[in-house]
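These notes are about the structure you will find just below.
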Amino acid sequence: MSNSIYPWQESSWQQLQTLRQRMPHAILFHGAAGIGKSDFIERFAQGLLCEAVLPDGHACGACASCGWFSQQNHPDYRRVRPESMEDEPPAEGEEGEGETKKAAKSKTPSKEIKIEQIRALADFMNISTHRQGLRVVVLYPAEALNMPASNALLKTLEEPPPGTVFLVASNSLDRVLPTILSRCRKFALPMPSHAEALAWLKEQGVADADSWLREQGGAPLAAMEQAESGSREDLETLLQLLAHPSIEGALKVADKLQKVPLSGTVSWLQRWLYDVFSYKLAGNIRYYPRYQKELAGLADKIHVSRLMAAIKGVNERRATSDHPLSPKLFLEEMLLDYANCCA
Ligand SMILES: [Zn+2]
């Protein structure tokens with residue numbers, strides 16, 4: 001595990017170090033998805049726990065504490081995130097996780113942070129720290145907390161246990177309970193400039209970095225994830241249809257993309273419609289500049305009220321895309337709607 005943060009986070013890192021003298025008991029880091037917030041707060045957590053922290057606030061990477069941290073078994077550290085973000089089922093022997101583990105085998109992993117996960121923190125916070133230092137809890141994304149879990153967390157934040165620091169990250173503050181927001185010190189993490197993000201992606205060896213980056217709205221980690229998932233071909237299949245809509249094409253593409261994660265396909269369409277809309281209103285294209293000709297043609301042709309209805313329709317579908325009865329039917333309906341809107 002490297003000690004480094006991303007190049008666009010340097011000034012945020014320095015700013016954050018000034019808080020260390022009077023550490024707030026909860027900090028809520030916020031910013032767009034895919035800019036590296038969780039990596040940033042994990043680095044900060046390691047720095048807080050390190051027993052030989054460097055002058056710039058980075059962890060030494062060599063002490064006992066850093067060793068545990070990189071093995072993900074530091075006794076004074078907990079990371080809370082939805083099951084869907086874990087690579088493997090949670091470790092055995094922790095309270096409340098037996099059921100979660102069983103559930104993980106039988107159905108798709110939860111995208112929510114559940115109350116059991118917050119309750120499990122109570123035990124952790126009730127025992128004294130192993131290293132006589134801080135206890136650190138990292139939690140993300142905050143918007144994944146379901147209502148009971150939010151309320152449980154709020155109780156903890158209202159009566160913060162001594163020596164415990166909560167580092168929470170969120171992609172959208174308006175989806176976090178206001179009472180939780182009010183208990184946290186807010187800290188904004190920036191979106192890198194296009195040039196900065198592009199340079200970084202190229203350094204990582206991402207081919208076609210510029211397209212990936214634009215398609216993810218400038219968020220470099222999201223761009224890298226998409227590039228690595230190898231879905232370029234699927235995206236092109238969809239974009240070709242969106243550029244040249246037809247009923248027959250819609251049915252074919254729905255058949256072809258039925259195994260692709262739906263939420264991704266829905267956001268590709270959302271971005272496409274956003275581009276048509278923004279081109280119509282302001283002559284700008286954000287996500288798919290290489291389709292300028294087709295986007296301009298559609299912007300010309302589709303009436304603004306139809307376009308707004310289409311955007312609204314797709315946004316509503318986004319909400320149900322996690323659990324469709326039939327992915328193929330879901331796609332057919334969505335793409336036929338689109339084709340009709342363009343007709
Ligand atoms: Zn260390």
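For reference, positions follow the sequence shown, starting with 1. Just so you know, ligand 1 is whichever comes first in the structure, and atom 1 is the first atom listed for that ligand.
Here side-chain hydrogen bond (donor to acceptor under 3.5 Å, both in side chains) pairs that include residues 326-336, with residues two or more places apart or in two chains, are Asp255-Lys328. Listed by first then second residue, pairs satisfying salt bridge (charged side-chain N to carboxylate O under 4.0 Å, His left out) with a partner in residues 266-293 read Glu215-Arg290, Glu236-Arg290, not counting sequence neighbours.
Between Tyr291 and Trp272, the gap from one ring centroid to the other is short of 6.0 Å. Separation of the Trp268 and Tyr287 ring centroids does not fall under the 6.0 Å cut-off.
The hydrophobic cluster containing Ile113 also includes Leu28, Val80, Ile118, Leu121, Phe124, Met125, Val137, Leu139, Leu145, Met147, Leu153, Leu154, Leu157, Phe166, Val168, Leu173, Val176, Leu177, Ile180, Leu181, under a criterion of side-chain heavy atoms closer than 4.5 Å among ILVMFWY residues, counted directly or through chains of members.
Within the sub-2.8 Å shell of the Zn ion (ligand 1), the protein contributes these N/O/S atoms: Cys50 SG, Cys60 SG, Cys63 SG, Cys66 SG.
In terms of heavy-atom proximity, Ala59 sits nearest to Cys66 at CB-SG, 3.6 Å.
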